[in-house]
Structures are given as structure tokens and as C-alpha cells.
Amino acid sequence: MRSFHPSDVVRAAEAPLLESLPEGTLMRRAAYGLARVVASELRERTGGIAGRRVSLLVGSGDNGGDALWAGTFLRRRGVSVTALLLDPDRAHPAGLRALRKAGGRIVPATPEHLGDPDLVLDGIVGISGRGPLRPAAAALVDEITAPIIAVDIPSGVDPDTGAVDGPAITAAVTVTFGAYKPVHALGATRCGRVELVDIGLTLPEAGLVAAEPSEIGAIWPVPGAEDDKYSQGVVGVRAGSARYPGAGVLCTGAAVAATSGMVRYAGSGASEVLARFPEVVVSPSVAETGRVQAWVVGPGAGTDDEACANLRDILATDLPVLVDADGLTLLAREPGLVRGRSAHTLLTPHAGEFARLTGNRPEPDRVAAVRSLAADWGVHVLLKGRATLVARPDGHVFVNDAGGSWASTAGAGDVLAGVIGSLLSSGMPVDLAAAAGARAHALAANLAAQDPKSPGAAPTSASAILSRLGDSIRLLRTHIAES
Ligand SMILES: NC(=O)C1=CN([C@@H]2O[C@H](COP(=O)(O)OP(=O)(O)OC[C@H]3O[C@@H](n4cnc5c(N)ncnc54)[C@H](OP(=O)(O)O)[C@@H]3O)[C@@H](O)[C@H]2O)[C@@H](O)CC1
Ligand SMILES: [K+]
């Protein structure tokens, strides 16, 4: 698992080391690691290190100190270094002295001093930064055309929420120290590739984690020697309606593709489902559906009296239930249906549905928002987005950065619900099922946007995502073989 630690936790972990080590040791450790990444980027991008040009954007705190020390180490390798000071009176004194001594140029932070660098280091703010870039920094950053390496975090992006509320850095690479911070998962599009430099921090267990692909591959249920179609789990799908038959087809098809057990469909779209997926066992109603180990309810299922009665009946069982889409609209009117359940419930809202459930949109602090809904209602919550979050009622959160936004297409949510539902029926813990489903779905969307016969990517669709689920699961499972 990859852990993400908020800034107050990182600061607390730094404190004992700052006490016990000679002054400046921790910063030089961080800066040395940063300089190594910058040097390798220079070599990669320009074919060499000595004689290349690096500009440092230096703010008023230790983040600027990191940049100045990294500049010092790069000077020693023959790099031409210019430090642009945004707040000259507050720039890190020891870093400034070291860079000056090493032969770096130190200038005020104005566009005419930017020159034509090969790389720019963003040392404007680190974990004490709040809000967007201030006007002088924003004006300077506007002029930059070279790739930017962010020091610890991309400045202007909130370190703990990844929220952006005005001008901010978009980095090609972010080099972080001691621990990944929430921004590296929640604001991934601003961070570029993220490299972690170990500075020897001892950290507590994190409340925000991401599963590695190999970990998802390792837990993905596949039939064992003794398994039959029932023993692997049977999922019931109550999705689709006369108005939205496609939702039933997509959701059921995804459940079929995700695991090898059995899928039962209940609803008015049975003939459409059968036409596309003859392996599904269909019945016209929830009451007539055979035994299942988990339910998916809601995608395209409507909000009429019958849909409401079905939701009630399904939630009255002692089985894990995933509620999505129209099911969430109904729940928003009657939250009592899930609050007292003894079995697990997973709600899978997008931001708009989240607002319907709680009265507030989840931004800017999506992690806090999803935790609060999960704790208040005693449910698991998967909040969709580029960074999908899965919160347990106890506050533990999984994050999955999709690595692209190709899944932002109609019907993709129906596919996600089907995948997770079938994992739930296999008996997988709810948070892992949701996190694994989100990962496989995002990967399938990225695969669907690509074509092995030509480079690049193109818009895709929910049907195409469904058709690449098998490839996605195979890829995740190959990671086990490789590791
Ligand atoms: N301690 C150590 O040994 C180690 C520390 N490490 C490094 O230190 C970093 C944290 O450093 P830090 O705490 O000194 O503050 P930092 O993030 O540089 O901000 C400085 C000041 O900027 C200001 N400011 C706020 N928002 C702003 C904005 N939007 N735009 C512009 N300015 C803004 C605000 O001051 P204000 O102007 O509001 O008075 C704030 O106090 C950490 O990320 C890591 O890089 C590593 O080297 C590991 C070892
Ligand atoms: K920074």
C-alpha cells in the first residue's frame, strides 16, 4: 500500500529528527535527494548535466531552503543555477549563503531574470502553503515554458486536499520528502511523476492509502480447483428500466466480466440483458430472484414506487448491498433505510449525488467529506472522480487516481457498479472490493481509449470500457506474476 500523510503528521514526525540531528541536516538530506532527481532529469531531457541551466523559484520558507540547497549541490556538478527570490528578506539564510558560495546567481523574482532555463524548481511553498500562488509568483510562473520540478508539493495546490483555487504550479515531476502527502494522490494532475526521497521519518499508520496494482491483482478472485459457479459468489443486479435499459445491460455485463461466479438480473430489462449476455439468470422481479450473496441496486432503475419498494426489500436483507444512481436519489429521501443495517452498504455517488445525499458538494476537502458521510450513516462510500475515494465508516480511506479521465462518459458508472457488486458477492471486504473495482475500471477505461494499432488515445465509451475489463484484470494479475 502507498500511504499519504497530511502536513501536520509530517511536521510532527520531523520534530524529533530536527531535535536530534545537527542543524540543517534534514534539509540537506532532502535537498541532496532532490538534486539527484533534477540531475537525472537534466540528463534525460538534455543529454547532460554540466553547463545546463536551472532556475529556482524561492519562497519565504524551508521549501525555498530545499531549492537553494539543491541548487548548491547542482552547482557542484557544473550546472548554471539562478535563484529568483520572491521574498528576498525572508529567503532561507543558510541556503542562500551556500548557493552564493557555490557560485549561484541570486536575483529578484522578476520575469526578466527568468532567462531560458532547461528546468525550473518550484520552491515557492511546501506544506505550510495555503491558497493559490500570490500575484507576483503567479505572474512569473505564467512566463515559464521550461518543465517544472515541484519541491515537495506543487505550489498553489493545497497539500492536504489537492484543491486548487486560483493560479498554481503544474509540475512535470514532484520530488517529495519523508512521506507522500495527500496532494500527491488528490492533485495528481498537478504533480506529474512523484518521487519520494527518504529522510528517515518514522510515521504512524496512514488514514489515506492507495493499493498498488500488484496488491489488487493478488486479491482478485479467480476460480480455484474446488470452485463451482455458486461457491465463487452470486451477485444480484437490480438495474435498468424501460427508460434506461442500457444501464441494466452495462451493469450486468460488467458483473459477468469481473468474476467467474453467477450473475442474476432482476427487472424489466431482462430481455435486453439476455440478448447481450446469455449467461445471466434473469427474473422479472427482486422477489422471484434466487439466492445471491450481494446486491447492486440503482443504475437506471428509476425512482418510481416499484423501484422504491425494490430498494427497501434489498436493503432489508442481511447481504452486502451497493447502492448507485437512482438508488441514491431514493436514499436521499429516506436515509433511514441504510442507517440501521447490520450488513454492509456501499454508496457510490458522484459529486452531484453526494450533494443530494448530504446537502453539500464534497469539494474542496473531498476526503473529509467522504469520511463524514461514511461515519454519519454507518456505510462505506465510494466518491467518484479523477481521484476516486473509498471511505470506511471508521474513517479509513482508499484513493485511486484514475491516471486519466477516459471514464468520464455516460454509462461508465453502471459498469463500475457491476464490477464492484460481483467482487462483493465473492466475499471480499467492502473497502477492498470498491478500491479494486475502481482500479480495474480506471485501467479498463485507459485501455479502451487506446488502440494497439496506432499511438495516442481517443474518446471511448462505457461499452468499450466493459469490453476491456478482462484485459484490465489480466494486466493487474500479471503484476503478481512479475513481482
Ligand atoms: N523542517 C525541515 O527540516 C524540513 C522541511 N522541509 C521542507 O520545508 C517545507 C515546509 O517549510 P515551511 O514550514 O518553512 O513553510 P513553506 O511551505 O516553505 O511556506 C513558507 C511560507 O510561505 C508563505 N505562504 C503560505 N502560502 C503561500 C502562498 N500560497 N504563496 C506564497 N507564500 C505563501 C507563508 O508565510 P506568510 O507569507 O504567510 O507569512 C509560509 O509560512 C516542506 O514542504 C519541505 O519542502 C524538508 O526540507 C524536510 C526537512
Ligand atoms: K513547492
Side-chain angles (χ1 to χ4, degrees), residues 5-35 37-38 55-73 84-95 98 109 119-141 144 148-184 187 190-192 194-201 203:
H5 292 278
S7 44
D8 55 345
V9 171
V10 172
R11 250 185 236 110
E14 278 172 1
L17 281 185
L18 287 170
E19 285 269 300
S20 62
L21 293 169
E23 202 183 330
T25 307
L26 210 52
M27 181 177 284
R28 287 196 299 279
R29 237 180 232 177
Y32 188 74
L34 169 61
V37 176
V38 176
S55 290
L56 319 175
L57 308 182
V58 179
S60 62
D62 284 357
N63 194 253
D66 292 340
L68 289 165
W69 273 108
T72 304
F73 297 131
L84 294 96
L85 308 188
L86 283 152
D87 194 346
D89 296 337
R90 291 167 71 199
H92 194 268
L119 283 176
V120 172
L121 261 63
D122 154 31
I124 302 172
V125 277
I127 58 174
S128 300
R130 289 294 174 265
L133 293 176
R134 293 176 184 166
L140 193 62
V141 168
I144 295 174
I148 299 178
I149 299 191
V151 181
D152 209 11
I153 68 154
S155 302
V157 186
D158 191 279
D160 293 335
T161 68
V164 175
D165 187 24
I169 295 286
T170 300
V173 181
T174 295
V175 182
T176 193
F177 312 117
Y180 293 103
K181 324 294 185 297
V183 58
H184 301 129
R190 293 288 183 160
C191 296
V194 182
E195 299 253 351
L196 176 67
V197 174
D198 183 6
I199 56 169
L201 303 188
L203 293 151

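In each ligand, atom 1 is the first atom listed, and ligand 1 is the first ligand listed. What's counted below: heavy atoms across the whole structure, side chains too, no hydrogens, waters or symmetry copies. Fair warning: this is a prediction, and the values are worked out from it, not measured in the lab.
Looking only at distances, no side-chain donor or acceptor of Asp62 sits under 3.5 Å from a matching main-chain atom of Met27. In this structure a side-chain-to-backbone donor-acceptor pair under 3.5 Å is present from Ser155 to Val125.
Contacts of ligand 1 (protein heavy-atom distance under 4.0 Å) are Glu14, Leu18, Leu26, Met27, Ala30, Ser60, Gly61, Asp62, Asn63, Asp66, Arg90, Val125, Gly126, Ile127, Ser128, Gly129, Arg130, Gly131, Pro132, Arg134, Asp152, Phe177, Ile199.
Contact annotation: the side chain of Leu201 approaches that of Leu17 to within less than 4.5 Å [non-hydrogen atoms, C-beta and beyond]. Here the side chains of Asp160 and Lys181 are not in contact, with every heavy-atom distance at 4.5 Å or above. Using a 4.5 Å cut-off on side-chain heavy atoms (C-beta onward), Asp122 and Val151 make no contact.
Each of Val10, Val183, Asp152, Val197 was checked for a side chain to side chain contact (heavy atoms under 4.5 Å, CB included) with Thr176, and the lone residue meeting it is Asp152.
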**Derivation and outcome, side-chain hydrogen bond (donor to acceptor under 3.5 Å, both in side chains), residues Arg190 and Thr174** = CA-CA 9 Å; Arg190 293 288 183 160; Thr174 295; over 6 Å; no

**Request:** With side chain to side chain contact (heavy atoms under 4.5 Å, CB included) as the test, would you mind laying out the steps for Ile124 and Val141 before giving the verdict?
**Result:** CA-CA 10 Å; Ile124 302 172; Val141 168; 4.2 Å; yes

**Asked** What do the steps show when you test Trp69 against Leu34 for side chain to side chain contact (heavy atoms under 4.5 Å, CB included), and what is the final call?
**Response** CA-CA 9 Å; Trp69 273 108; Leu34 169 61; over 6 Å; no

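Legend: protein N/O/S atoms lying under 3.4 Å from the K ion (ligand 2), waters omitted, number 8.
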